[in-house]
Amino acid sequence: MPFMKGAAPIRRTVKYLEQGALVFKDSVRIVTFHFNNNHSSSKGAEDFVFWHFAQMQYKNPNIQLCVLNNMTPSPFVQCFFDSGSKLVLDVDDQDKETILQTVKRIFCKTEETLQAEKLAKEMKTNPANFGYQCTSECICEIPGQVPCSRWVSPPKEQRGKFWLQGKDVEEDD
(Lines give C-alpha, C1' and ligand atoms only; values in the text may rest on other atoms or scores of the structure.)
Protein backbone atom coordinates (compact mmCIF):
# COMPACT_ATOMS: atom_id res chain seq x y z
CA MET A 1 0.00 0.00 0.00
CA PRO A 2 1.61 3.26 -1.07
CA PHE A 3 -0.16 5.42 1.53
CA MET A 4 1.40 3.41 4.37
CA LYS A 5 4.87 4.81 3.70
CA GLY A 6 6.60 7.70 5.41
CA ALA A 7 6.75 8.96 8.96
CA ALA A 8 3.86 7.62 11.09
CA PRO A 9 1.59 6.41 8.27
CA ILE A 10 -1.20 5.74 10.79
CA ARG A 11 -1.98 9.47 10.54
CA ARG A 12 -3.39 8.97 7.04
CA THR A 13 -6.00 6.35 7.92
CA VAL A 14 -9.67 7.30 8.13
CA LYS A 15 -10.03 5.60 11.52
CA TYR A 16 -7.28 7.80 12.96
CA LEU A 17 -8.72 10.97 11.39
CA GLU A 18 -12.18 10.27 12.81
CA GLN A 19 -10.76 9.91 16.33
CA GLY A 20 -9.83 13.60 16.43
CA ALA A 21 -11.24 15.38 19.45
CA LEU A 22 -10.69 18.96 18.29
CA VAL A 23 -13.90 20.37 16.79
CA PHE A 24 -13.61 24.14 16.83
CA LYS A 25 -16.42 26.51 17.81
CA ASP A 26 -18.52 28.08 15.06
CA SER A 27 -16.97 31.51 15.64
CA VAL A 28 -13.43 30.29 14.80
CA ARG A 29 -12.33 31.06 11.22
CA ILE A 30 -8.52 30.71 11.06
CA VAL A 31 -6.04 28.90 13.32
CA THR A 32 -2.31 29.31 12.81
CA PHE A 33 0.52 27.39 14.48
CA HIS A 34 3.89 29.13 14.79
CA PHE A 35 7.00 27.18 15.86
CA ASN A 36 10.62 26.53 14.97
CA ASN A 37 11.81 23.15 13.71
CA ASN A 38 14.44 21.35 15.82
CA HIS A 39 14.18 23.86 18.64
CA SER A 40 13.82 22.65 22.24
CA SER A 41 11.10 25.13 23.27
CA SER A 42 9.08 24.29 20.14
CA LYS A 43 9.19 20.49 20.52
CA GLY A 44 5.67 20.26 22.00
CA ALA A 45 4.14 22.47 19.32
CA GLU A 46 5.94 20.54 16.59
CA ASP A 47 4.68 17.21 17.98
CA PHE A 48 1.17 18.61 18.38
CA VAL A 49 1.06 19.67 14.72
CA PHE A 50 2.62 16.37 13.61
CA TRP A 51 -0.02 14.23 15.37
CA HIS A 52 -3.16 16.41 15.44
CA PHE A 53 -3.07 18.71 12.40
CA ALA A 54 -4.61 16.18 9.99
CA GLN A 55 -7.34 15.35 12.51
CA MET A 56 -8.18 19.04 12.91
CA GLN A 57 -8.40 19.46 9.13
CA TYR A 58 -10.66 16.41 8.84
CA LYS A 59 -13.00 17.47 11.65
CA ASN A 60 -13.10 21.17 10.68
CA PRO A 61 -13.39 21.43 6.87
CA ASN A 62 -14.61 25.06 6.92
CA ILE A 63 -11.75 26.42 9.04
CA GLN A 64 -8.43 27.51 7.58
CA LEU A 65 -5.50 25.90 9.40
CA CYS A 66 -1.97 27.16 8.75
CA VAL A 67 1.46 26.07 9.94
CA LEU A 68 4.14 28.77 9.90
CA ASN A 69 7.48 27.37 11.00
CA ASN A 70 10.92 28.91 11.42
CA MET A 71 9.47 32.44 11.46
CA THR A 72 9.18 33.24 15.17
CA PRO A 73 11.45 33.20 18.24
CA SER A 74 8.88 31.41 20.43
CA PRO A 75 6.03 29.02 19.58
CA PHE A 76 2.40 30.13 19.78
CA VAL A 77 -1.07 29.35 18.46
CA GLN A 78 -3.07 32.21 16.99
CA CYS A 79 -6.81 32.00 16.45
CA PHE A 80 -8.90 34.46 14.41
CA PHE A 81 -12.65 34.74 15.02
CA ASP A 82 -15.48 35.81 12.71
CA SER A 83 -15.93 39.02 14.72
CA GLY A 84 -12.47 40.15 13.61
CA SER A 85 -10.80 39.59 16.97
CA LYS A 86 -7.86 37.28 17.53
CA LEU A 87 -6.45 35.32 20.44
CA VAL A 88 -2.82 34.30 20.88
CA LEU A 89 -1.96 31.25 22.97
CA ASP A 90 1.66 30.93 24.13
CA VAL A 91 2.82 27.28 23.95
CA ASP A 92 6.49 27.81 24.79
CA ASP A 93 8.06 24.71 26.47
CA GLN A 94 4.73 22.84 26.66
CA ASP A 95 4.28 19.21 25.66
CA LYS A 96 1.75 18.13 23.04
CA GLU A 97 -0.81 16.83 25.57
CA THR A 98 -0.86 20.13 27.46
CA ILE A 99 -1.30 22.01 24.20
CA LEU A 100 -4.08 19.60 23.19
CA GLN A 101 -6.00 20.13 26.44
CA THR A 102 -5.52 23.91 26.34
CA VAL A 103 -6.65 24.26 22.72
CA LYS A 104 -9.59 21.95 23.38
CA ARG A 105 -10.67 23.92 26.46
CA ILE A 106 -10.38 27.37 24.86
CA PHE A 107 -11.20 27.00 21.15
CA CYS A 108 -13.28 23.81 20.86
CA LYS A 109 -16.88 22.81 21.46
CA THR A 110 -17.75 20.91 24.63
CA GLU A 111 -18.75 17.24 24.63
CA GLU A 112 -22.35 18.18 25.48
CA THR A 113 -22.54 20.52 22.49
CA LEU A 114 -21.11 17.85 20.18
CA GLN A 115 -23.63 15.27 21.42
CA ALA A 116 -26.55 17.69 20.97
CA GLU A 117 -25.41 18.59 17.43
CA LYS A 118 -24.96 14.93 16.54
CA LEU A 119 -28.47 14.10 17.78
CA ALA A 120 -30.01 17.07 15.95
CA LYS A 121 -28.20 16.19 12.73
CA GLU A 122 -29.28 12.56 12.98
CA MET A 123 -32.90 13.56 13.54
CA LYS A 124 -32.97 16.08 10.69
CA THR A 125 -30.90 14.44 7.98
CA ASN A 126 -32.25 10.90 7.91
CA PRO A 127 -35.30 10.81 5.62
CA ALA A 128 -36.32 7.45 7.08
CA ASN A 129 -37.17 9.17 10.37
CA PHE A 130 -40.63 10.65 10.59
CA GLY A 131 -42.80 11.77 13.46
CA TYR A 132 -42.45 14.38 16.19
CA GLN A 133 -39.37 16.67 15.80
CA CYS A 134 -38.41 15.22 12.40
CA THR A 135 -38.57 16.60 8.89
CA SER A 136 -42.00 15.01 8.27
CA GLU A 137 -44.76 14.26 10.74
CA CYS A 138 -46.27 11.37 8.78
CA ILE A 139 -45.07 8.84 6.21
CA CYS A 140 -47.73 10.11 3.80
CA GLU A 141 -45.89 13.46 3.51
CA ILE A 142 -42.93 11.76 1.82
CA PRO A 143 -43.23 11.76 -1.99
CA GLY A 144 -44.11 8.40 -3.49
CA GLN A 145 -45.87 7.05 -0.40
CA VAL A 146 -49.52 6.06 -0.10
CA PRO A 147 -51.68 8.94 1.16
CA CYS A 148 -53.07 8.82 4.69
CA SER A 149 -56.18 6.70 5.07
CA ARG A 150 -57.67 9.42 7.25
CA TRP A 151 -57.81 11.76 4.23
CA VAL A 152 -58.13 9.46 1.19
CA SER A 153 -59.92 6.12 1.16
CA PRO A 154 -57.54 3.38 -0.06
CA PRO A 155 -58.45 1.25 -3.09
CA LYS A 156 -60.39 -1.96 -2.54
CA GLU A 157 -57.34 -4.10 -3.26
CA GLN A 158 -55.56 -2.63 -0.25
CA ARG A 159 -58.38 -3.23 2.21
CA GLY A 160 -58.47 -6.53 4.07
CA LYS A 161 -62.25 -6.73 3.92
CA PHE A 162 -62.12 -7.00 0.15
CA TRP A 163 -59.40 -9.57 -0.44
CA LEU A 164 -59.57 -11.62 2.78
CA GLN A 165 -63.32 -12.03 3.13
CA GLY A 166 -64.19 -11.67 -0.54
CA LYS A 167 -66.74 -8.94 0.15
CA ASP A 168 -67.46 -5.96 -1.96
CA VAL A 169 -66.67 -3.11 0.39
CA GLU A 170 -68.92 -0.67 -1.38
CA GLU A 171 -71.97 -2.77 -0.42
CA ASP A 172 -71.15 -2.73 3.32
CA ASP A 173 -70.44 1.03 3.63
Side-chain angles (χ1 to χ4, degrees), residues 2-138 141-143:
F3 70 91
M4 295 302 280
K5 294 180 181 177
I10 189 74
R11 295 179 303 150
R12 292 185 290 276
T13 61
V14 174
K15 183 178 178 184
Y16 179 78
L17 294 174
E18 289 174 345
Q19 290 175 351
L22 298 173
V23 178
F24 291 111
K25 294 178 182 175
D26 295 331
S27 61
V28 176
R29 291 291 166 241
I30 303 169
V31 180
T32 60
F33 300 94
H34 302 262
F35 61 89
N36 294 323
N37 290 335
N38 303 322
H39 196 265
S40 61
S41 65
S42 298
K43 183 67 175 149
E46 190 175 354
D47 289 343
F48 176 77
V49 168
F50 183 80
W51 288 106
H52 298 288
F53 190 76
Q55 290 177 335
M56 287 186 290
Q57 283 182 317
Y58 185 80
K59 289 285 190 167
N60 304 289
N62 296 327
I63 295 177
Q64 182 179 356
L65 299 168
C66 299
V67 176
L68 303 169
N69 49 5
N70 298 327
M71 296 176 67
T72 179
S74 62
F76 62 93
V77 177
Q78 193 170 22
C79 183
F80 296 90
F81 298 96
D82 55 2
S83 63
S85 62
K86 67 179 179 180
L87 183 68
V88 178
L89 178 65
D90 182 25
V91 293
D92 193 20
D93 284 328
Q94 294 183 6
D95 63 332
K96 72 173 180 144
E97 294 304 318
T98 307
I99 297 170
L100 174 69
Q101 294 306 320
T102 307
V103 168
K104 187 174 182 181
R105 188 182 72 237
I106 296 173
F107 301 129
C108 295
K109 296 178 182 177
T110 62
E111 292 296 325
E112 294 83 23
T113 306
L114 292 174
Q115 290 295 331
E117 287 180 355
K118 181 180 175 184
L119 182 64
K121 181 181 177 188
E122 184 178 303
M123 292 289 288
K124 294 285 183 193
T125 59
N126 191 349
N129 293 339
F130 60 92
Y132 181 68
Q133 291 185 343
C134 293
T135 53
S136 17
E137 290 279 329
C138 182
E141 295 175 10
I142 298 173

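Between K104 and E111 there is a salt bridge, with a side-chain nitrogen of the basic residue lying less than 4.0 Å from a carboxylate oxygen of the acidic one.
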Check against side chain to side chain contact (heavy atoms under 4.5 Å, CB included), Q19 and K15: CA-CA 7 Å; Q19 290 175 351; K15 183 178 178 184; 3.9 Å; yes

Passes side chain to side chain contact (heavy atoms under 4.5 Å, CB included), L100 versus L22? Steps please. CA-CA 8 Å; L100 174 69; L22 298 173; 3.7 Å; yes

Report the C-alpha separation of D26 and K109 in whole Å, then their side-chain angles, then the decisive distance to 0.1 Å, and conclude whether the side chain to side chain contact (heavy atoms under 4.5 Å, CB included) test is met. CA-CA 8 Å; D26 295 331; K109 296 178 182 177; 3.1 Å; yes

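In this structure the side chain of N37 reaches within 4.5 angstrom of the side chain of F35, judged on heavy atoms. At a threshold of 4.5 Å between non-hydrogen side-chain atoms, the residues F24 and M56 count as touching.
The shortest heavy-atom contact between N60 and V23 is OD1-CA, 3.5 Å. The minimum heavy-atom distance between V31 and C79, with the atom names listed, is CG2-SG, 4.1 Å. When every heavy atom of P75 is checked against every heavy atom of D90, the shortest pair comes out as O-OD1, 3.2 Å.
Ring planes of F48 and F33: tilted class, angle from 30 to 60°.
Taken to the nearest 0.5 Å, the CD atom of Q78 stands 9.0 Å off from the CG atom of L68.
Residues in residues 45-54 take part in these side-chain hydrogen bond (donor to acceptor under 3.5 Å, both in side chains) pairs, two or more places apart or across chains: K43-D47, H52-Q55. Sorted by first then second residue, the ring-ring contact (aromatic ring centres under 6.0 Å, His included) pairs that include residues 70-112, not counting sequence neighbours, are H34-F76.
Between the side chain of S42 and the backbone N or O of N36, at least one donor-acceptor pair lies under 3.5 Å.
Annotation: salt bridge (Lys or Arg N to Asp or Glu O under 4.0 Å) contacts of D92 (sequence neighbours excluded): none.
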